[in-house]
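First listed ligand is number 1; within each ligand, the first listed atom is number 1.
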Amino acid sequence: MKISQFFLPTLKEAPSEAQVISHQLMLRSGMIKQSSAGIYSWLPLGFKVLKKIEEIIRCEQDYIGGQEILMPTIQPADLWIESGRYEDYGQEMLRIKDRSNRDLLYGPTNEELITDIFRTHLKSYKDLPLLLYHIQWKFRDELRPRYGVMRGREFLMKDSYSFDLDMNQSRLTYQKNFLSYLRIFSKLGLKAVPVKANPGPIGGDLSHEFVILAPNGESDIFFDKKLLEFESISKDIFLDKNLVEKEYNKWAKCYAVTDDIHNEKEYNKLTTPENRVNSRAIEVGHVFYFGTKYSKSMGANLINNKGEQLPVHMGSYGIGVSRLVGAIIEYSHDDKGIIWPENVAPFSVGILNLKKGDEYCDKMSELVYQNLLIAGLEVLYDDTSERAGSKFANMDLIGLPYQVFIGSKSKDNGLFEIKERATNKRYFLKLESLINHLTEKFN
Ligand code: P5A
């Protein structure tokens, strides 16, 4: 993509309503535009990142047997009356009436809708286990929407729902999803900490939040520093249920909780003083095992191998996809702008033509651009007539992993300067090595 043709409405100054750095950087880099409080339009640069995050989640969810579906945003109130949550949900639920005066709502989550799908189509234990997920917009009329996309009213969530015959199998599914979440966050370039949490309005007796440490986070957590040193989860673990259980227990037995369930005595007993951390954090995911809470109230039963009718055991697993865009920026930025982890960067490489109008610079910039495109890379080429200084600042703000500078110096020695955004490392390469070097990085 050439910047001269790209819809990239960057701003010099952050609007005053943006209180946290991620919100400021998202507005300055033209990723989003607020439409009303807590509701945003996603512009090309922001939308690209959102899609990248979705794709990483999809890939990992499919790997553990998830099947993607798409449920609607608008739901009938009847289902929520059946589950008993229609009144409980209070003012956060956006209630709507259609022209026939029927009560509808904009879904804040989908436990009811999925239980209805299940009870309609699945009857036998032979249909299990089943893991369905979708990536869909939600609406919660938050009292205080703030921090940009991090606490929105309309936000994108990946939500999965699991169905198992009994508690043991359902807990194993919970463990798989727990480990899959650790893989997802690590692929997104984040170090996530799983902390025991209060299940709140979703219900059940087992729940973990996945948080990333950040001073602007709304959660307050207490945890054992050991958790930060555990290695990332290998894919092979999912092939053997004993390995799943062992790995899950390693993580889950470490002390890590949200402040509302923190117990100082237990904390002191289970952790050594030098390992105790109390930190602000951003909740990027939340998983729940709630057993038969919805299946009992909504009659989602199945017949086991003895011919008995039993309510199905369920869990639900959420990731804040749109919140993650802000959270990744909170986690990875400097005073010049965003530093995208390679897997989610909207483009891999930025090319800066430092002397637009100069025959050599124009020709070489175009050549590098075309060659990188042919090699399959996503490239943003700054072909505008802006000053070099403003191009440097803009590229740093946008935060692509690699920048290639093409200026008059290259004319003298045939070398092009590359800068790595994250480390600020700079080096010079000839045209061919440059293409090979960048192609290798992204294969
Ligand atoms: C789990 C999936 C649920 O709703 N039902 C289906 C369960 N869990 S949750 O914790 O309430 O939400 C899951 C994740 O969604 C993100 N999130 C938000 N993101 C942006 N703005 C909001 N207002 C918002 N509320 C929740 C969080 O990442 C949360 O972990």
Ion pair check, Asp334 and Arg421, cut-off under 4.0 Å: yes
Pairs of nitrogen or oxygen atoms closer than 3.5 Å, one from Gly320 and one from ligand 1: do any exist? yes
Minimum-distance protein heavy atom relative to atom 17 (N) of ligand 1: Phe155 CE1, 3.5 Å
So do the side chains of Tyr106 and Trp137 get within less than 4.5 Å of each other, counting heavy atoms only? yes
Does the pair Glu342/Lys441 count as a salt bridge with the N-to-O cut at 4.0 Å? no
Taking atom types as modelled, is there a side-chain donor on Asn394 or Asp382 under 3.5 Å from an acceptor on the other? no
What protein heavy atom lies closest to atom 11 (O) of ligand 1? Include the residue and the distance to one decimal. Arg140 NH1, 2.9 Å
Please check if any side-chain donor atom of Thr173 sits under 3.5 Å from a side-chain acceptor atom of Asp164, or the reverse. yes
Nearest protein heavy atom to atom 3 (C) of ligand 1, by residue and atom, and its distance? Ile202 CD1, 3.6 Å
Any nitrogen or oxygen of Ser322, main chain or side chain, under 3.5 Å from a nitrogen or oxygen of ligand 1? no
Please write down residue, atom name and distance for the protein heavy atom closest to atom 12 (O) of ligand 1. Met157 CE, 3.5 Å
Using a strict threshold of under 4.0 Å (side-chain N to carboxylate O), is an ion pair present between Asp205 and Lys293? no
For Ser316, take its heavy atoms, then give the atoms of ligand 1 lying under 4.0 Å from any of them. 1 (C), 2 (C), 5 (N), 6 (C), 7 (C)
Just which atoms of ligand 1 are under 4.0 Å from any heavy atom in Asp159? 2 (C), 6 (C)
Starting from atom 30 (O) of ligand 1, which protein heavy atom do you reach first, and at what distance in Å? Glu283 OE2, 2.5 Å
Just to check, does Met150 reach to within less than 4.0 Å of ligand 1 when the distance is taken from its heavy atoms? yes
Scan side-chain atoms only and decide if Ser35 and Lys33 contain a donor-acceptor pair under the 3.5 Å cut-off. no
Could you tell me whether Lys48 sits above the aromatic face of Phe347, with NZ or CZ closer than 6.0 angstrom to the six-membered ring centre and within 45 degrees of the axis? yes
Carboxylate-amine/guanidinium contact Lys97 Asp103, below 4.0 Å: yes
For atom 8 (N) of ligand 1, find the nearest protein heavy atom and state the residue, atom name and distance (0.1 Å precision). Phe288 CE1, 3.4 Å
Distance under 4.0 Å to a non-hydrogen atom of Thr109: what atoms of ligand 1 satisfy this? 4 (O), 5 (N), 6 (C)
Could you tell me whether some N/O pair between Tyr161 and ligand 1 is separated by less than 3.5 angstrom? no
Can you name the atoms of ligand 1, numbered from 1 with element, that are less than 4.0 Å from a heavy atom of Arg151? 21 (N)
Can an N or O of Ser160 be found at a distance shorter than 3.5 Å from an N or O of ligand 1? no
Any heavy-atom pair between the side chains of Glu218 and Arg151 that's under 4.5 Å? yes
Regarding Arg95 and the six-membered ring of Tyr86, is the cationic atom NZ or CZ under 6.0 Å from the ring centre and inside 45° of its axis? yes
Any idea which atoms of ligand 1 are less than 4.0 Å away from a heavy-atom of Val284? 28 (O), 30 (O)
Note: Glu209, heavy atoms under 4.0 Å from ligand 1, region reported as neither
Could you check whether Asp383 pairs with Lys2 (Lys NZ or Arg NE/NH1/NH2 to Asp/Glu carboxylate O, under 4.0 Å)? no
Is a salt bridge present between Lys250 and Glu245, judged by a nitrogen-to-oxygen distance below 4.0 Å? no
Identify, by atom number and element, the atoms of ligand 1 in contact range of Gly318, meaning under 4.0 Å from any of its heavy atoms. 1 (C), 2 (C)
Have a look at ligand 1 and work out which part of Val149, if any, has a heavy atom under 4.0 Å from it: side chain, backbone, both or neither. backbone
For Tyr317, which part has a heavy atom under 4.0 Å from ligand 1: side chain, backbone, both, or neither? backbone
Measure the distance from atom 21 (N) of ligand 1 to every protein heavy atom, then report the residue, atom name and distance (to 0.1 Å) of the closest one. Gly152 N, 3.1 Å
Evaluate Glu142 for polar contact with ligand 1, using N/O atom pairs at a separation under 3.5 Å. yes
Salt bridge check: are Glu54 and Lys158 linked by an N-O gap of less than 4.0 Å? no
Nearest protein heavy atom with distance in Å, relative to atom 27 (C) of ligand 1: Arg323 NH1, 3.5 Å
